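As the structure lists them, so they are numbered: ligands from 1, and atoms in each ligand from 1. Quick caveat: nothing in here was measured; it's all calculated off a predicted structure.
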Amino acid sequence: MLQEKKVTFIGSGVMGQAMIAGLIEHDLIAPQNVIASDPIKSLGERLNEQYGVGHSTDNVAASQGADIVILAVKPQYLDPVLAELGGKLPSETLILSIVAGVPIDKISRHLKLETIVRVMPNTPARVGKGMSVWTATDAVNEAQREQVKAILGALGQEIFVEHEYFLDMATALCGSGPAYVFLFIEALIDAGVHMGFSRPIAQELVLQTVEGSVAFARAYPSHPAELRNMVTSPGGTTADALYQLEKGGMRAILSKAVFAAYQKSKALGSSES
Ligand SMILES: NC(=O)c1ccc[n+]([C@@H]2O[C@H](COP(=O)([O-])OP(=O)(O)OC[C@H]3O[C@@H](n4cnc5c(N)ncnc54)[C@H](OP(=O)(O)O)[C@@H]3O)[C@@H](O)[C@H]2O)c1
């Protein structure tokens with residue numbers, strides 16, 4: 001459904017490149033229909049060599065004739081982008097913003113467009129295992145929603161939410177989520193090293209345990225407590241470890257941490273509007 005569409009990326013950094021790679025590698029779009037716009041010319045040239053996409057250093061020229069314009073710059077660079085594109089895109093252009101914390105209303109006002117999709121992706125998108133949570137204005141039609149699903153599907157899983165306020169929750173849970181998981185992984189590896197494993201072996205044991213636990217939880221979609229009980233024999237080693245984790249307040253700390261990220265996301269969003 002994207003084959004006939006023209007897609008322009010404003011910003012072709014980490015996330016822009018992950019999206020371009022996903023779209024081309026899944027054969028969702030012809031490379032000649034994609035333009036990567038970025039101030040770094042050599043970056044565009046490399047993307048052209050690697051994926052065959054067009055490139056530009058001129059955002060306005062790159063967006064002319066685009067059906068979908070993807071905003072993929074860092075939040076601090078968005079204002080000049082909105083200023084230069086404002087009023088220059090036809091009303092039917094679909095804008096897809098992955099810029100963290102910037103409300104739809106601000107993008108809509110500056111670009112003078114109604115058709116806006118806002119997405120919260122996460123880092124595992126770089127390996128096709130991302131979790132993207134997205135919402136859209138009422139002006140985004142059914143066909144455009146299907147196009148968005150196809151684009152985000154190339155990055156991993158996507159979930160549509162009816163209201164923009166869910167994006168702050170998604171930011172706290174799955175946008176920042178990989179950082180919590182990496183901290184957990186790091187701490188477990190350090191614990192392995194503390195006991196006497198070499199670091200590479202500890203790392204492999206932990207990564208495979210985390211990956212296997214996720215696969216197991218997907219294969220047996222019971223309540224996590226039931227899965228945990230399967231590993232916990234009465235009076236055994238796991239029970240001792242879990243006792244220490246509960247005593248240390250792991251559950252409450254995680255909840256507080258996620259809630260703090262949620263509050264921060266809301267505060268940043270309201271200062272942006
Ligand atoms: N990375 C993540 O895991 C993640 C997760 C969720 C959401 N996001 C969101 O995704 C967006 C992009 O993040 P990223 O990690 O991909 O950032 P990034 O790697 O810094 O990529 C942004 C690119 O945009 C370029 N750029 C700067 N000003 C521009 C302009 N005026 N016109 C066109 N391009 C411009 C940058 O060039 P220079 O290097 O020269 O500045 C850079 O190549 C951010 O808004 C972030 O909030 C990222």
Quiz prompt | Side-chain ion pair, Lys264 and Asp168, N-O less than 4.0 Å | solution = no

Practice problem: Sort out the contact shell of ligand 1: every protein residue with a heavy-atom distance below 4.0 Å, listed by chain and number. | Solution: Ile10, Gly11, Ser12, Gly13, Val14, Met15, Ser37, Asp38, Pro39, Ile40, Leu43, Asn59, Ala72, Val73, Lys74, Pro75, Tyr77, Val81, Ile98, Val99, Ala100, Met120, Pro121, Thr123

Could you list the donor-acceptor pairs under 3.5 angstrom formed between side-chain atoms of residues 237-262 and any protein atom two or more places apart in sequence or on another chain?
residue	atom	partner	partner atom	Å
Thr238	OG1	Val231	O	3.2
Glu246	OE2	Arg251	NH2	2.8

Self-check item: Listed once per pair and sorted, the side-chain hydrogen bond (donor to acceptor under 3.5 Å, both in side chains) pairs that draw on residues 110-135, sequence neighbours left out
Solution: Arg118-Glu164, Trp134-Glu158

Quiz item: In terms of the angle between their ring planes, are His163 and Tyr165 parallel, tilted or perpendicular, with boundaries placed at 30° and 60°?
Solution: parallel

Quiz item: Backbone N or O of Ile104 within a donor-acceptor pair of the Ser108 side chain at under 3.5 Å?
Solution: no

Let me have the donor-acceptor pairs involving side chains of residues 10-19, under 3.5 Å, with sequence neighbours excluded, atom names and distances please.
residue	atom	partner	partner atom	Å
Gln17	OE1	Arg46	NH2	3.4
Gln17	NE2	Ser12	O	2.9

